[in-house]
Amino acid sequence: GQQVMQIPQYQHVQEGEDFTTYCNSSTTLSNIQWYKQRPGGHPVFLIQLVKSGEVKKQKRLTFQFGEAKKNSSLHITATQTTDVGTYFCAGGGSNYKLTFGKGTLLTVNP
Amino acid sequence: DAGVTQSPTHLIKTRGQQVTLRCSPKSGHDTVSWYQQALGQGPQFIFQYYEEEERQRGNFPDRFSGHQFPNYSSELNVNALLLGDSALYLCASSPRVAYGYTFGSGTRLTVV
């Protein structure tokens, strides 16, 4: 079945440093979604990418979808303490199932 | 605008017992998906309901079953509980044209 892998598993940065998490799927995706889960919270939808090579920005966050629609990345510029949490990618395939990666836990040292 | 509501928030059950978790989707959403999230892991897809039918199912045993009602709310039932069923159970709703999921706060199930 479809597998979605994320690296790194953990990332600790100093406030103001940049952060990137990468996501790879074993199969071609119809779309990829990104979620953020704060400690003790639930996943919150950030964005969906659908088109090959698509790039979307939300303030300091930049999301990319690979040309082959099998990989994606999330880049945060100049991290802040409010960015702390686990970032998940989730791949949508030809069925209705959304497969989540294991996530990247980001901690930020003020 | 109410988001996704799940009940109960916490639950402690004994091995072998049965449990029912409930979910009310966000207003305007008619598709409900259930996920199991173990500590430190990503959410694992259990199944999805649309128009009161199970549309897609993940790799979970038949002990896990569900239902969707005409008002789009949903239940997740787990029979013959095992210690390994201890997890956060998340309900997510989405509009018919799938976009991002809106997750509820989850039900923390502990099996002892």
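Proteins come first, then strands; the chains are lettered A, B, ... in the order of their sequence lines, and each starts at number 1.
The neighbour count for Glu53(B) CD, taken as heavy atoms of other residues, nucleotides or ligands under 6.0 Å away, does not exceed 12. Within 6.0 Å of CG in Leu82(B) there are more than 12 heavy atoms belonging to other residues, nucleotides or ligands. The neighbour count for Arg63(B) CZ, taken as heavy atoms of other residues, nucleotides or ligands under 6.0 Å away, is above 12. For Asn71(B), the CG atom counts as densely surrounded, since its 6.0 Å shell holds more than 12 non-hydrogen atoms of other residues, nucleotides or ligands. The number of heavy atoms from other shown groups lying within 6.0 Å of CG (Leu39(B)) does not exceed 12. The local environment of CZ in Phe64(B) is crowded, with over 12 non-hydrogen atoms from other residues, nucleotides or ligands closer than 6.0 Å. Within 6.0 Å of atom NZ in Lys56(A), more than 12 heavy atoms from other residues, nucleotides or ligands are found, so the atom counts as buried in its surroundings.
Looking only at side-chain heavy atoms (C-beta outward), Phe103(B) and Tyr35(A) come within less than 4.5 Å of each other. Side-chain contact between His42(A) and Gln37(B) is absent, with no heavy-atom pair separated by less than 4.5 Å.
Neither the backbone nor the side chain of Ile47(A) comes within contact range of chain B; no heavy atom of the residue lies under 4.5 Å from a heavy atom of that chain. Proximity to chain B is absent for every atom of Gln9(A), based on heavy atoms less than 4.5 angstrom apart. Both the backbone and the side chain of Gln41(B) come within contact range of chain A, each with at least one heavy atom under 4.5 Å from a heavy atom of that chain.
When ring centroids are compared, Phe100(A) and Tyr35(B) come within the 6.0 Å threshold.
Most heavy-atom pairs under 4.5 Å with chain B: of the set Thr99(A), Leu98(A), Leu46(A), this distinction falls to Leu98(A). If you tally non-hydrogen atom pairs under 4.5 Å between each of Arg108(B), Arg57(B), Gln56(B) and chain A, the highest count goes to Gln56(B).
Residue Phe45(B) comes nearest to Lys97(A) through the heavy atom pair CD2-CG, 3.5 Å, listed as atom of the first residue, atom of the second, then distance.
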